[in-house]
Amino acid sequence: MSGAEFDKIVKEIVNYGLTNRQYITRPWAHFVAETLYNPETGRFYSEDPIDEAKSKEIVKKAIASMQGEEDVLFKTHKMQLKYEANCLQIENQLTEELRISTSDSTKLIDNILEVKAGGSNNYDSLSLLYQKIYAFLLFKNKQLAKNKGDYQSGYEAINREVNAALESVIPRPALSPFIMLTNPEKAAQISELNHLVLGIRLFNKEIGKGGASLDDVASLSNRLDQNFVEQMREKLTEVGSEIENYSNYLGYVSDNGVNDPSFEQLKKELIFLRQFTSYATTLYDKTENSVSIIDVSKSRYEKEMSDLRKLLANSSSAPKDTVYPKFATLANTYISLLEESKSSEAKKKLFETLLECYKSVALSLTEAQIHTAQRYAASASRKDEEKPVRYENKNLVYFIEPRNTPEFLQTPLDLAGFSIVSLVDQDGLLLNGKHNLGVFKYEDYMLVFHSHKEIRKFIERPQFYFEKFYQVCRKYPALIILLGLEGYFKERNIKLLDFHEDFRDATRTLCDKTIETELHPQPNNFDHNYFWNEWDMRRRAIQMANIRNMATKASQTSDSIFKVENETQVWLKKEAATMTGIENGTNPIRPRNYITELREKTAN
């Protein structure tokens, strides 16, 4: 299917949603249309050429699948889309902020490097250099303000603190050696100077003499505390217990050939729970790592601050070699704390997204089925299956023995550690492979299996199982993302959740809204006597002051009053009909010709 044909299908699905008030976003329409399974070929419709009739069929089936919002697989796809879109949005936002900050900082540093020495004691050059260094430091400290873009309340305080810190570290007369350095050396010195200024401001905040608009270390560390980590841990434990019950019961049904009508539904719910756990576990690991970094940084910050208090407690000055490194360490630690605290809101938002998706699913495993699963897990027959057996290499399947492999338990596994045989034989059943049964290498894949029976099956027909495995993934597209198979399908032009520029708003909901066009729009009231530019006001004031020196001529001209409205004149108007200062008009004399001596004259 060509890109133009597929875009047309996506557009038709979105337009159908708008027409029927279903509010289908473009990324969601793209995902559903691209992963629509064709049972006749065992492939996606988007992998094969299509005609107009097939295109209409795809649109119809995609819309029908979207209408089944109560389906668990539908909600699994929704969770994948929301989570991935939110991750992309957060990443793009942080990247854009970093890009803008880096660009502005680079421009300011370039301005500093452009200043050349006009002599070692050139006062003008040193003054210009000092101003540009001050502008750079002021910009960097403004970025640390609590409310970016609004510095009115703390601007003056930041200005004073940066100026005082810069003057104490490197006064203007001491810039002569700096201006003689090479550009790389200047850039390094400027970075160190920025850390020193920030360290001084942090120390002043600690002793109550400065630090305007800087967040407290306590407030930064509390943005991502142990309570949030504990909440995530409890949820993972709860869902992990549910997954164990689902896996044991489905394993019981599969091993004993029990005919359970809820088997298919339970399989889908297990896929949802596995995907939730995968996302939540990744997020939990990142959160725990961030909390660890925050705790270490906070301890280091408090230690450096305590050392500085002791050094500067009884004296107003201390050796620079001792104090300056501590100021720099203080600033680096604070910046690390600030960066980790920024990501805390993003992590909480992602976890809230997962919880919202989890609450939308009603799990259907009954109490009786849970008791059956627990009895099955405790049975002795399952323990016998866990005894290790050595297998011979066959059909390009290589057995990796634990005793011959260092760090065997840290071996990276493909397919997220699930058994490929269970996925194929039970049509999408996700059962964990057992590491203690051994790891098997086939081509570039490292695989584990649920039982010895599955191992023997796979060794006999590895290629068959992989062909059927990809077919199962096409039937249940949620498995593609869960098992990390995006690369395989991208090679076949199946992009899945590969967001583009127009996919940035994937989590937003479209809605129709009625608006009324204004019948008689009123024009804006422009005040032509208001000037927003100060220089325009100055120019007009000079003109108005200069007009008193102008002489009035015999005729009115446009330049004589500079086109200023009459009500802005500061002297009273004359009551005369004209402003020329004379009573009669300025019209020229019109000559008239008369014929004389037409009448008779009286004779003398």
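Side-chain N or O atoms of Ser341 include one that pairs as donor or acceptor with a backbone N or O of Leu337 at under 3.5 Å. Listed for the Glu34 side chain is no donor-acceptor partner under 3.5 Å among the backbone atoms of Ser46. Panel note: side chain Lys475, backbone Tyr37; no donor-acceptor pair is recorded below 3.5 Å. For the pair Arg274 (side chain) and Leu430 (backbone), a donor-acceptor distance under 3.5 Å is present. Proximity of a side-chain donor or acceptor of Gln275 to a complementary backbone N or O of Phe272 within less than 3.5 Å is not detected. No donor-acceptor distance shorter than 3.5 angstrom exists from the side chain of Ser297 to the backbone of Ile294, with no hydrogens or angles considered. For the pair Gln80 (side chain) and Ala478 (backbone), a donor-acceptor distance under 3.5 Å is present. Distance alone, capped at 3.5 Å, places no donor-acceptor pair between the Asn289 side chain and the Asp285 backbone. The main-chain N or O of Ile459 is found under 3.5 Å from a side-chain atom of Asn395 such that the two form a donor-acceptor pair. Ser290 places a side-chain N or O within donor-acceptor distance of the main-chain N or O of Lys286, the cut-off being under 3.5 Å.
Counting heavy atoms from C-beta outward, Tyr465 and Asp425 have side chains that approach closer than 4.5 Å. Looking at heavy atoms from C-beta onward, Leu483 lies in side-chain contact with Phe469 at the 4.5 angstrom threshold. Two residues are said to be in side-chain contact when any heavy atoms from C-beta on lie closer than 4.5 Å; Leu266 and Leu270 fail this criterion. Gln471 places none of its side-chain heavy atoms less than 4.5 Å from the side chain of Val424. Side-chain atoms of Val421 and His450, non-hydrogen and from C-beta on, never get closer than 4.5 Å to each other. In this structure the side chain of Leu144 never reaches within 4.5 angstrom of the side chain of Ser213, judged on heavy atoms. Side-chain contact between Val448 and Leu437 is absent, with no heavy-atom pair separated by less than 4.5 Å. In this structure the side chain of Thr35 reaches within 4.5 angstrom of the side chain of Phe44, judged on heavy atoms.
Taking the six-membered ring where tryptophan is involved, the planes of Phe31 and His77 are perpendicular, since the angle between them exceeds 60° and thus also 30°. Ring planes of Tyr445 and Phe466: tilted class, angle from 30 to 60°. Between Tyr301 and Tyr334, the two ring planes are tilted [angle within 30° to 60°].
Considering NZ of Lys441 and CD1 of Ile400, their distance stands at 7.0 Å, rounded to 0.5 Å. The NZ atom of Lys268 lies 12.5 Å from the OG atom of Ser262; values are rounded to the nearest 0.5 Å. Taking OG1 from Thr353 and CG from Asn86, the interatomic distance works out to 4.5 Å, rounded to the nearest 0.5 Å. Atoms CD1 and CG, on Ile335 and Leu330 in that order, are 10.5 Å from each other to the nearest 0.5 Å. Distance check: Arg99 CZ to Leu94 CG gives 13.5 Å after rounding to the nearest 0.5 Å. Here Met446 contributes atom CE and Leu415 contributes atom CG; the two are 12.0 Å apart, rounded to the nearest 0.5 Å.
Closest heavy-atom contact between Lys82 and Cys357: CD-SG, 4.2 Å. When all heavy atoms of Ile13 and Ala33 are compared, the pair lying nearest together is CD1-CB, 3.9 Å. Nearest heavy atoms, Cys473 versus Leu479: SG-CB, 4.3 Å. Summarising the geometry of Phe399 relative to Gly438, their closest heavy-atom pair is CE1-CA, 3.7 Å, with the distance given to 0.1 Å. Heavy atoms only, all atoms of each residue included: Ala280 and Leu236 are closest at CB-CD2, 3.5 Å. Closest non-hydrogen pair, Gln369 versus Thr366, comes out as OE1-N, 3.0 Å.
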What do the steps show when you test Glu345 against Lys349 for salt bridge (Lys or Arg N to Asp or Glu O under 4.0 Å), and what is the final call? CA-CA 6 Å; Glu345 294 301 324; Lys349 179 181 177 182; over 6 Å; no

Any chance you could lay out the side-chain contact (heavy atoms from CB on, under 4.5 Å) test for Asn245 and Leu365, step after step, and finish with the verdict? CA-CA 9 Å; Asn245 291 332; Leu365 191 66; 3.8 Å; yes

Derivation of the side-chain contact (heavy atoms from CB on, under 4.5 Å) call for Phe418 and Leu413: CA-CA 9 Å; Phe418 297 113; Leu413 301 176; over 6 Å; no

Assess whether ring pair (Phe, Tyr, Trp, His ring centres under 6.0 Å) is satisfied between Phe228 and Phe351, documenting all intermediate values. CA-CA 10 Å; Phe228 178 64; Phe351 187 62; 5.8 Å; yes

So Leu482 and Ser278, side-chain contact (heavy atoms from CB on, under 4.5 Å) or not? Walk me through it. CA-CA 7 Å; Leu482 175 59; Ser278 174; 4.0 Å; yes

Would you please test Leu283 and Tyr279 for side-chain contact (heavy atoms from CB on, under 4.5 Å) and show each step? CA-CA 6 Å; Leu283 186 60; Tyr279 282 146; over 6 Å; no

Could you walk me through whether Ser419 and Glu454 pass the side-chain hydrogen bond (donor to acceptor under 3.5 Å, both in side chains) check? CA-CA 8 Å; Ser419 172; Glu454 291 184 353; 2.5 Å; yes

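Atom OH of Tyr488 has more than 12 heavy atoms from other residues, nucleotides or ligands within 6.0 Å. Counting heavy-atom neighbours within 6.0 Å of Lys348 NZ, excluding the residue itself, gives a total above 12. Counting non-hydrogen atoms of other residues, nucleotides and ligands closer than 6.0 Å to NZ of Lys468 gives a total of 12 or fewer. The 12-atom threshold is exceeded at CD of Glu230, counting heavy atoms of other residues, nucleotides or ligands nearer than 6.0 Å.
Donor-acceptor pairing under 3.5 Å is lacking for the side chains of Tyr246 and Glu242. Using modelled atom types and a 3.5 Å distance limit, the side chains of Asn256 and Tyr376 yield no donor-acceptor pair. Using modelled atom types, one finds a donor on one side chain and an acceptor on the other under 3.5 Å when comparing Gln143 with Ser101.
When each of Tyr284, Tyr83, Tyr358 is paired with Phe276, the ring-ring contact (aromatic ring centres under 6.0 Å, His included) condition holds for Tyr358 and for no other.
Note on Lys267 versus Glu264: salt bridge recorded, some NZ/NE/NH1/NH2 to OD/OE distance being below 4.0 Å. Comment: Lys235 engages Glu238 in a salt bridge, judged by a side-chain N to carboxylate O separation of less than 4.0 angstrom. Using a cut-off of 4.0 Å between Lys/Arg side-chain N and Asp/Glu carboxylate O, Lys394 and Glu460 are scored as salt-bridged.
The ring of Phe458 has its center no closer than 6.0 angstrom to the ring center of Phe440.
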